[in-house]
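In the text below, chain A, chain B and the rest are named by the order of the sequence lines, each starting its count at 1. Just so it is clear, the values below take in all heavy atoms, side chains as well, and ignore hydrogens, waters and symmetry mates. All of these numbers come straight from a predicted model, not from anything done at the bench.
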2 protein chains.
Amino acid sequence: MGDPLSTTFAALADPTRRAILARLSNGESNVTELARPFLETMSLPAVTKHLKVLENAGLIQKTKSAQWRTCSLRVDPLREATDWMEQYRQIWESLDRLDDYLKELQEAVQRDKEEPRDLPKPKGKRHARKAK
Amino acid sequence: MGDPLSTTFAALADPTRRAILARLSNGESNVTELARPFLETMSLPAVTKHLKVLENAGLIQKTKSAQWRTCSLRVDPLREATDWMEQYRQIWESLDRLDDYLKELQEAVQRDKEEPRDLPKPKGKRHARKAK
DNA sequence: CGGTTAATTAACCACAAAGTAAATTACAAG
DNA sequence: CTTGTAATTTACTTTGTGGTTAATTAACCG
């Protein structure tokens with residue numbers, strides 16, 4: 001795939017692989033354990049392949065002991081990816097502020113139409129953008 | 001590709017597309033303008049395809065006026081992607097802290113070896129992880 | 001040794017992605 | 001109405017991805 005960022009994003013572009021990472025974020029695990037939740041959807045070799053993709057992207061590390069491969073999360077590529085995204089954060093934050101501002105203006109206009117002049121404007125909550 | 005997050009990450013997994021987004025982060029632009037930096041590497045239709053991928057992922061919006069398509073950045077999918085990454089931030093931040101702690105311990109041990117007991121330990125800067 | 005468990009490799013298939021060249025649409029303007 | 005410009009669509013090629021089943025490696029255990 002070439003450059004590291006591309007490899008990272010490509011690895012993240014699959015729900016199975018993201019689920020595996022999520023699972024690994026609360027502790028390491030071996031392949032069969034990691035595979036279990038998916039074995040109704042796909043075969044074991046399929047999971048092995050996903051793990052290989054994650055490994056190539058540096059998102060996990062496999063260490064073998066006896067017949068088990070223990071997989072653990074490596075966060076460095078996630079850091080890199082987040083760093084890249086951060087450059088856009090200021091853009092959407094300024095958009096948020098503009099949005100809020102316009103909404104406030106709009107509300108002010110509405111209030112003026114309905115009850116022209118004279119009650120104090122209640123300031124709405126800003127940035128209550130989303131409930132996860 | 002299915003779910004929105006996968007589509008977003010897949011769209012970001014290409015340097016050309018990331019460059020296009022970067023370009024759009026300082027203002028909208030039409031297709032030929034956007035394509036210019038890449039025309040030595042690839043054809044115009046190739047760029048059109050990349051734009052289509054970005055559009056399908058909701059990362060850009062195209063509006064036509066006359067024979068020009070003006071493309072502009074849409075940050076919402078980036079927000080979603082960042083939100084997803086954020087759940088890992090605490091992991092690597094705690095790793096950073098552990099790292100720093102171990103390093104301090106290590107340094108303390110070194111000091112003890114070299115100049116056994118009696119000068120006050122100067123506290124090093126924590127979290128000077130990386131210069132971009 | 002022989003059997004079982006863990007995991008990968010090999011060989012294959014279907015389909016999507018990234019690119020090309022060439023044709024086509026859409027509009028503006030002489 | 002023809003010509004030039006902007007951009008897309010079509011048709012095709014190559015390569016990569018995600019999945020399969022079957023075979024293979026590797027280690028442990030009785």
Side-chain angles (χ1 to χ4, degrees), chain A residues 1-21 23-24 27-72 77, chain B residues 1-21 23-24 27-72 77:
Chain A
M1 171 76 41
D3 67 298
L5 249 188
S6 298
T7 310
T8 303
F9 281 131
L12 296 178
D14 181 290
T16 303
R17 290 195 291 262
R18 288 198 304 277
I20 290 175
L21 291 182
R23 169 68 184 70
L24 285 178
E28 36 180 49
S29 180
N30 62 40
V31 176
T32 20
E33 227 179 288
L34 281 174
R36 191 144 33 227
F38 308 107
L39 289 183
E40 285 167 15
T41 333
M42 71 185 71
S43 68
L44 212 242
V47 177
T48 298
K49 279 196 180 181
H50 281 301
L51 291 175
K52 192 113 223 103
V53 173
L54 290 170
E55 198 179 13
N56 288 339
L59 283 161
I60 69 172
Q61 203 192 2
K62 263 184 274 194
T63 66
K64 69 184 292 187
S65 83
Q67 68 256 227
W68 291 277
R69 270 70 166 179
T70 307
C71 304
S72 55
Chain B
M1 169 79 37
D3 67 299
L5 249 188
S6 298
T7 311
T8 303
F9 282 130
L12 296 178
D14 181 288
T16 305
R17 290 195 291 261
R18 288 198 303 279
I20 290 174
L21 291 182
R23 169 67 184 72
L24 285 178
E28 36 181 49
S29 181
N30 62 38
V31 176
T32 19
E33 229 180 287
L34 282 174
R36 189 144 35 226
F38 308 107
L39 290 182
E40 284 167 15
T41 333
M42 71 186 71
S43 69
L44 211 241
V47 177
T48 298
K49 278 197 179 178
H50 281 302
L51 291 175
K52 192 114 224 105
V53 172
L54 291 171
E55 197 179 13
N56 289 338
L59 284 161
I60 68 171
Q61 204 194 2
K62 262 183 276 193
T63 63
K64 68 184 293 187
S65 84
Q67 68 254 231
W68 292 276
R69 270 70 166 178
T70 307
C71 304
S72 55

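- Separating the CG atom in L54(B) from the OG1 atom in T7(B) is a distance of 12.0 Å, to the nearest 0.5 Å.
- One finds the CD atom of Q67(A) at 10.0 Å from the CG atom of N30(A) (value rounded to the nearest 0.5 Å).
- With rounding to the nearest 0.5 angstrom, the CG atom of L34(B) is 10.5 Å from the CG atom of L39(B).
- Summarising the geometry, atom CZ belonging to R69(A) is positioned 10.5 Å from atom OG1 belonging to T32(A); distances are rounded to the nearest 0.5 Å.
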Nucleotide N/O of nucleotides 6-9 of chain D paired with protein N/O under 3.5 Å:
residue: dA6(D); atom: O3'; partner: Q67(B); partner atom: O; Å: 3.3
residue: dA7(D); atom: OP1; partner: V31(B); partner atom: N; Å: 3.3
residue: dA7(D); atom: OP1; partner: R69(B); partner atom: N; Å: 3.1
residue: dA7(D); atom: OP2; partner: T32(B); partner atom: N; Å: 2.7
residue: dA7(D); atom: OP2; partner: T32(B); partner atom: OG1; Å: 2.2
residue: dT8(D); atom: OP1; partner: K62(B); partner atom: NZ; Å: 3.0
residue: dT8(D); atom: OP2; partner: T48(B); partner atom: OG1; Å: 3.0

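- To the nearest 0.5 Å, atom OG1 of residue T70(A) and atom CD1 of residue I60(A) are 11.0 Å apart.
- A heavy-atom distance below 4.5 Å is not found between the side chains of S72(B) and T63(B).
- The salt bridge (Lys or Arg N to Asp or Glu O under 4.0 Å) analysis of residues 4-20 of chain A, with sequence neighbours excluded, yields the pairs R18(A)-D3(B).
- One can place NE2 of H50(A) at 18 Å from P of dG16(D), the figure rounded to the nearest angstrom.
- Residues meeting the side-chain hydrogen bond (donor to acceptor under 3.5 Å, both in side chains) test with E33(B), sequence neighbours left out: R23(B), S29(B).
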Let me check something: any side-chain donor-acceptor pairs from residues 40-49 of chain A under 3.5 Å, sequence neighbours excluded? List them with distances.
residue: T41(A); atom: OG1; partner: F38(A); partner atom: O; Å: 3.4
residue: T48(A); atom: OG1; partner: L44(A); partner atom: O; Å: 3.4

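- Annotation: the span from L59(A) atom CG to L51(A) atom CG amounts to 11.5 Å, rounded to 0.5 Å.
- Here chain B contacts DNA chain C (any atom closer than 4.0 Å to a heavy atom, that is under 4.0 Å), and the contacts span dA18(C) to dA28(C) from 5' to 3'.
- Put simply, CD on E40(A) is 17 Å from C1' on dG19(D), counting in whole angstrom units.
- When the side-chain nitrogen and oxygen atoms of S43(A) are compared with OP1 and OP2 of dT20(D), one or more of them lie within a distance under 4.0 Å.
- Residues of residues 2-12 of chain B that place a heavy atom closer than 4.0 Å to DNA chain D do not occur.
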